[in-house]
2 protein chains.
Amino acid sequence: MSDTETRPLRADALRNRQRLLDAARAAFAEHGTDASLEDVARRAGVGIGTLYRHFPHRDDLVEALVRGGVDGLGTLSEQLAAEDGDRLDALHTWLQALVRHALAFRGLAEQLVTAAGSDNRLGTACHDTEAAGQVLFARAQAAGLVRPDATIEDAIDLATSIAWVVERSGRDDPNHLLTLTLDGLRPPLTPTQPRRGNEGGRHQGR
Amino acid sequence: MSDTETRPLRADALRNRQRLLDAARAAFAEHGTDASLEDVARRAGVGIGTLYRHFPHRDDLVEALVRGGVDGLGTLSEQLAAEDGDRLDALHTWLQALVRHALAFRGLAEQLVTAAGSDNRLGTACHDTEAAGQVLFARAQAAGLVRPDATIEDAIDLATSIAWVVERSGRDDPNHLLTLTLDGLRPPLTPTQPRRGNEGGRHQGR
DNA sequence: ACCTGAACACCGTTCAAGT
DNA sequence: ACCTGAACACCGTTCAAGT
């Protein structure tokens, strides 16, 4: 929480930084988060050293690109907490958004899991995400809608790993696996009143 | 199902093959499945070309090292199907073994998910694993113990992704997440008769 | 203060030459 | 039939030299 990157950049440096971000976004979209950094610099029309000056680690580049999404997850959590619908549905909705977020770039889920708990910018982003989710998680758990031996870390790890397996297996629908995970593999115990929306729900994939 | 590697190897070739496997096992144990292949060849005291002759793709090396485990999952499935205990417990036990299996080497879960559905040796191993699991899965589903819109692919993908996130996050207990996934995040609906063993079950990790 | 790009170390994969 | 290792292409990262 001290002064990170607070000093203003020189005009050309700022321009380069922006070009690098644009180039990285394009490269990540094509090749995933392990795109060649030399290629990123090339696309940005900038020396490789400039890339490293602005983003010493690949993590930092990733973090800059997903910052907006992380903040979005924060405001979404606030919105959902403000409404007073079903607390479990709110958690479910937020976790869906998290999965979507982790699928923004190929390789992102892996970056997120690896960075979680690290003391760097991307680690902070993960921490922020967890804090946002914790609000909804605690609410649902306090209402007895979530088993007491589960934690927000569990939920986030499960959601992230679902994003990962969807990304890697080429499945089409992440929500199917997420619903299974939230409700469990067991069938609804009260057939006349099913647990939650299995709307459509064929699935298949790969 | 045609003749793959059926012809006998020359004595020196067989020896080299074995040395490569031993070296790979050691290298994978140290650095995960993306260990340097040059390093593997070096450890085996063999030229890099010899490694590629025996194992044209990294996958093939991985497959050879996990073959035993895959067969083990097959026989475990047969054993569990022979006993007639709770069919859901049998599935759970088998999925636990699958998670353990996918944690044999760092990076293995990723190799498995990537290879699944591919037309190569490791893809076949995945296919064999799925077939083994399908027996237990179908039994449990037929008994109404597993929701009808879930498939063995879902279960295997979830188990594999749990192995992955445990490996990457440094969690200590894969079974906690697996239990959450099988039972769902919800608390037991009948508090007086809990769903299944939450034995101990603190957890924490990372 | 910032940028450049050569330099270094490392790796995957192929293939001509050997035995 | 099998093995070797040089060769090629590619990449991440650093750092001395520039402006």
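First the proteins, then the strands, lettered A, B, ... as listed; each starts at 1.
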Inset, instruction - Specify whether Trp164(A) and Trp164(B) have parallel, tilted or perpendicular ring planes, treating 30° as the upper limit for parallel and 60° as the lower limit for perpendicular. - result: parallel
Inset, instruction - Verify, without hydrogens or angle tests, whether Arg17(A) (side chain) and Phe55(A) (backbone) share a donor-acceptor contact under 3.5 angstrom. - result: no
Inset, instruction - Measure from the side-chain N and O atoms of Arg87(A) to the backbone N and O of Arg139(A), and report whether any donor-acceptor pair falls under 3.5 Å. - result: yes
Rounding to a whole Å, what distance do you find between [X]:[atom1] and [N]:[atom2]?
X: Leu14(A); N: dC3(C); atom1: CG; atom2: C1'; value: 15 Å
X: Asp60(B); N: dG12(C); atom1: CG; atom2: P; value: 15 Å
X: Arg15(A); N: dC2(C); atom1: CZ; atom2: P; value: 13 Å
X: His57(B); N: dT13(C); atom1: NE2; atom2: P; value: 9 Å
X: Arg17(B); N: dC3(D); atom1: CZ; atom2: P; value: 12 Å

Inset, instruction - Mind running side chain to side chain donor-acceptor pair (under 3.5 Å) on Asn16(A) and His54(A) for me, showing each step along the way? - result: CA-CA 9 Å; Asn16(A) 282 339; His54(A) 284 282; 5.3 Å; no
Legend entry - Who pairs with dT19(C) - Watson-Crick or G-U, where each distance is under 3.5 Å: dA1(D)
Legend entry - Paired nucleotide for dA6(C) [Watson-Crick or G-U wobble; both distances under 3.5 Å]: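 Per the H-bond distance test, dT14(D).
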Inset, instruction - Scan side-chain atoms only and decide if Asp154(A) and His176(B) contain a donor-acceptor pair under the 3.5 Å cut-off. - result: yes
Legend entry - Phosphate OP1/OP2 of dC3(D): any Asn16(B) side-chain N/O under 4.0 Å: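 Asn16(B) to dC3(D) OP1/OP2: side-chain N or O found under 4.0 Å.
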Legend entry - Residues touching DNA chain C, which here means a heavy atom under 4.0 Å, drawn from residues 30-55 of chain A: Val46(A), Gly47(A), Ile48(A), Gly49(A), Thr50(A), Arg53(A), His54(A)
Inset, instruction - Looking only at non-hydrogen atoms, find the nearest pair between Ser77(B) and Ala132(B) and report the distance. - result: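 So the two residues come closest at OG-O, 2.7 Å.
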